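Take a look at the structure set out below.
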Amino acid sequence: MTHFFLHIPFSLSPPLSSPSAGPSPSPSASAESSDLLLLPWEILTHIASYLPAHCLINVLPKVCRTLSTVGEDTTAWQLRAQRLIGSRVRFPVGPRDDFDWPTSCLEMEQLITFWAGEVQHVTKQSEEEMDRVRLEERGQVAEGHENEGGDEVVRVGVAAQEVAYGADEGMEVVMEVENGEIQAVLDEDQMEQLREGLEGRLEVDAAALIEDGRMELNADVGPDAAHLVQNDFAYPRYLDDRGRMEMVHHQPSRSPSPPPALECITLPSSHIALVNSVLLLGGKGAVCATGSRDYDVKLWDLEEGSNGTLLHTLGRKGDFTSHQGWVWCLASEGPLLASGSFDSTVRLWDLQAGGTNRGLIRTGSAVLCLSCQNDVLLAGTFNKRINMYDTRAAEPLIKSVHLHGNAVMCLAADDTYIISGSEDCTVAVYDCRAMKALKKIKLSSYLSSMSYSGYEVWAGDKKGMMHSFSMQTGTLKLLSRFDVGHTALVTGIHKSAGSLYTCSTDKTVKIHIPSGPPRTLCTLCHAGVVHGLSVEAGIVAVSTGDDTVNIWRPRK
């Protein structure tokens with residue numbers, strides 16, 4: 001028996017246009033433009049609300065000065081964001097002061113297009129292996145237990161989605177394919193919900209929506225790609241156990257599916273040990289740096305060749321490897337690349353000179369996290385310290401501060417403040433200009449990764465939970481804790497105005513809209529532990545539990 005998911009979106013938005021019976025004479029472009037500008041401003045802004053955010057931001061300002069002001073209405077952007085994520089969630093989670101609404105809407109629309117709006121392809125794996133992996137991750141493996149009849153049991157989340165996001169969102173339905181016939185498997189609540197939704201939206205043509213690629217089918221993208229499971233929403237554990245989305249392997253579809261919006265490539269095998277860190281460089285995601293337990297740092301050209309090309313293995317003349325210990329973390333600012341290692345050093349590399357050695361900094365302890373701000377490099381170490389360095393100076397150490405009682409696991413910073421998380425389960429704020437500690441917060445579990453964007457700080461902890469903080473004028477305040485579905489330590493996080501990416505040792509990468517609670521668009525399930533990720537210009541790089549790096553990028 002084959003299972004797949006049918007996504008039936010319930011949209012209240014009218015179509016952008018309707019087909020015409022045939023060509024008809026039209027006035028000149030200048031006349032059309034003049035007529036458009038004569039419309040009342042309320043009608044003009046209403047028409048603009050159906051245009052993509054990209055058009056409002058990048059196209060209309062080039063048409064004329066009047067249309068360029070259409071995208072300056074903050075209220076219109078707030079309403080657009082509400083339509084994208086629903087009215088029953090908080091967005092932004094942090095302070096609304098000076099929040100960049102246009103950028104957030106643009107990023108959310110791109111995120112939904114790439115990760116939720118197209119048919120995605122998944123890796124072909126055995127039913128038995130995926131079932132075993134799923135049960136192991138949930139801690140429910142029982143020796144000698146067999147499912148009678150050999151059919152896979154599928155649990156589907158529906159109820160929590162309605163609780164969190166309202167009735168104008170989609171619902172997921174399990175479909176079974178048996179003996180060539182497709183039948184929906186719905187309980188009474190799902191049938192009632194589906195009936196009410198369809199009665200209220202009879203004008204929706206379900207067949208057309210399926211042809212548009214909203215049905216989640218399966219195909220094979222190659223042996224090295226990640227197993228991908230799409231789910232429209234993240235269901236917090238406290239809502240309903242039915243709200244947890246299982247990662248299920250599906251048989252390949254018998255009918256062809258449209259090409260996905262993204263492609264996944266795997267960098268050629270070059271490291272000989274686990275890749276601990278990955279970092280996209282250059283602002284456009286064209287170059288990727290990787291750091292491995294084989295002591296090496298490598299640079300890759302992602303635009304050369306079908307799967308990228310190795311540019312350089314970094315190292316000083318006469319050295320066999322980049323470091324003398326595991327390379328654990330990477331950071332970059334402009335032409336500078338810094339790599340931190342268990343050999344108690346940070347090495348500096350000049351990207352403009354092909355990755356040549358630029359300097360060596362001895363830290364006195366294993367380096368666990370790095371952050372670059374202009375010419376200042378921050379290093380969090382195993383010996384409980386945060387070291388500040390001037391990368392231009394012959395004697396680079398500016399100051400070493402002791403804010404924690406255990407190893408410093410993660411860092412985030414701007415020009416004024418340093419935010420750090422430690423294995424002692426505390427998060428601290430330090431004022432770089434005043435050279436003093438401002439605040440320390442005690443948590444129930446230590447933070448393992450952190451991302452600082454605008455006035456918001458998002459962090460993942462040892463147990464897989466997400467923490468959201470507000471950060472204004474040096475005041476750090478814990479806002480919320482979210483369960484986004486990770487079941488183990490969060491190894492990487494990237495937060496921007498309209499996107500949230502997370503990865504974990506539970507072997508998954510999750511893509512979310514950063515609302516409260518986060519709306520999870522997609523889950524990528526790997527065969528091994530995921531050690532880190534990097535996001536730049538819509539490109540996602542993931543270092544997996546072996547010596548490989550997967551790159552997800554928009555298909556050209």
Side-chain angles (χ1 to χ4, degrees), residues 137 234 274-279 291 293 326-331 340-342 365-371 378-386 403-413 418-430 440-453 456-469 471 476 478-495 500-512 514 518 520 523-524 526 528-535 540-545:
E137 290 176 353
L274 300 182
V275 178
N276 285 323
S277 185
V278 61
L279 184 64
R293 296 187 188 185
W326 289 359
V327 181
W328 196 253
C329 48
L330 300 168
S341 170
F342 275 24
S365 185
V367 181
L368 303 181
C369 49
L370 291 170
S371 178
L378 306 173
T381 63
F382 181 75
N383 66 348
K384 316 170 190 177
R385 292 189 172 274
I386 300 171
L403 303 177
H404 299 282
N406 212 325
V408 179
M409 304 300 293
C410 54
L411 283 172
I418 302 172
I419 307 164
S420 56
S422 167
E423 202 171 8
D424 66 2
C425 298
T426 64
V427 55
V429 181
Y430 185 83
K440 184 182 288 188
I441 300 175
K442 183 72 174 180
L443 304 173
S444 60
S445 180
Y446 74 78
L447 301 182
S448 52
S449 56
M450 186 180 293
S451 181
Y452 185 11
S453 172
E456 294 182 33
V457 178
W458 286 65
D461 70 15
K462 177 185 178 181
K463 298 179 180 179
M465 299 295 292
M466 300 302 302
H467 301 252
S468 175
F469 303 84
M471 179 64 183
L476 184 71
L478 178 61
L479 300 175
S480 301
R481 289 176 72 240
F482 301 116
D483 177 4
V484 297
H486 287 305
T487 58
L489 182 142
V490 177
T491 53
I493 181 171
H494 173 88
K495 160 69 171 61
L500 175 65
Y501 299 79
T502 59
C503 64
S504 168
T505 55
D506 66 5
K507 307 177 184 178
T508 65
V509 177
K510 293 179 179 288
I511 296 91
H512 326 260
T520 303
T523 296
L524 305 174
H526 291 76
V529 170
V530 181
H531 291 290
L533 60 78
S534 179
V535 181
V540 183
V542 177
S543 56
T544 63

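Just so you know, these numbers come straight off a predicted model, no measurement behind them.
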Over all atoms of both residues, closest heavy-atom pair of [X] and [Y]:
X    : Y    : value
C369 : V408 : SG-O, 3.7 Å
G291 : L330 : N-CD1, 3.8 Å
L479 : F469 : CD1-C, 3.9 Å
D506 : A488 : N-CB, 3.9 Å
D483 : M465 : N-CE, 3.6 Å
T523 : K510 : OG1-NZ, 3.0 Å

Applying side-chain contact (heavy atoms from CB on, under 4.5 Å), run through C329 and V367 and close with a yes or a no.
CA-CA 8 Å; C329 48; V367 181; 3.8 Å; yes
So, do [X] and [Y] sit near enough that their side-chain heavy atoms are less than 4.5 Å apart?
X    : Y    : value
L478 : L443 : yes
L368 : W328 : yes
L500 : I493 : yes
C425 : K442 : yes
V427 : H467 : no
I418 : L411 : yes
L403 : S420 : yes

Within a reach of under 6.0 Å around NZ of K440, are more than 12 heavy atoms found that belong to other residues, nucleotides or ligands?
yes
Got a sec: does the CZ of F382 have more than 12 other heavy atoms crowding it under 6.0 Å?
no
Once you measure the plane-to-plane angle for H512 and H486, does it fall in the parallel (<30°), tilted (30-60°) or perpendicular (>60°) bin?
perpendicular
Kindly say whether W458 contributes a backbone atom to a donor-acceptor pair with the side chain of S451 at under 3.5 angstrom?
no
Expected output: side-chain S422 to main-chain N406 donor-acceptor under 3.5 Å:
yes
Could you go through S543 and H531, starting from their C-alpha distance and side-chain angles, then the distance that decides it, and tell me whether this counts as side-chain hydrogen bond (donor to acceptor under 3.5 Å, both in side chains)?
CA-CA 6 Å; S543 56; H531 291 290; over 6 Å; no
Partner set under side chain to side chain donor-acceptor pair (under 3.5 Å) for S449, not counting sequence neighbours:
none
Looking at residues at least two apart in the chain, or sitting in another chain, which of them share a side chain to side chain donor-acceptor pair (under 3.5 Å) with T381?
N383
With rounding to the nearest 0.5 angstrom, report the [atom1] to [atom2] distance, [X] to [Y].
X    : Y    : atom1 : atom2 : value
S504 : D461 : OG    : CG    : 10.0 Å
K462 : S445 : NZ    : OG    : 6.5 Å
M471 : I419 : CE    : CD1   : 4.5 Å
Y452 : L476 : OH    : CG    : 9.0 Å
L370 : C410 : CG    : SG    : 12.5 Å
L533 : Y501 : CG    : OH    : 9.5 Å

K384, H404, M409 screened by side chain to side chain contact (heavy atoms under 4.5 Å, CB included) with E423, the one that passes
M409
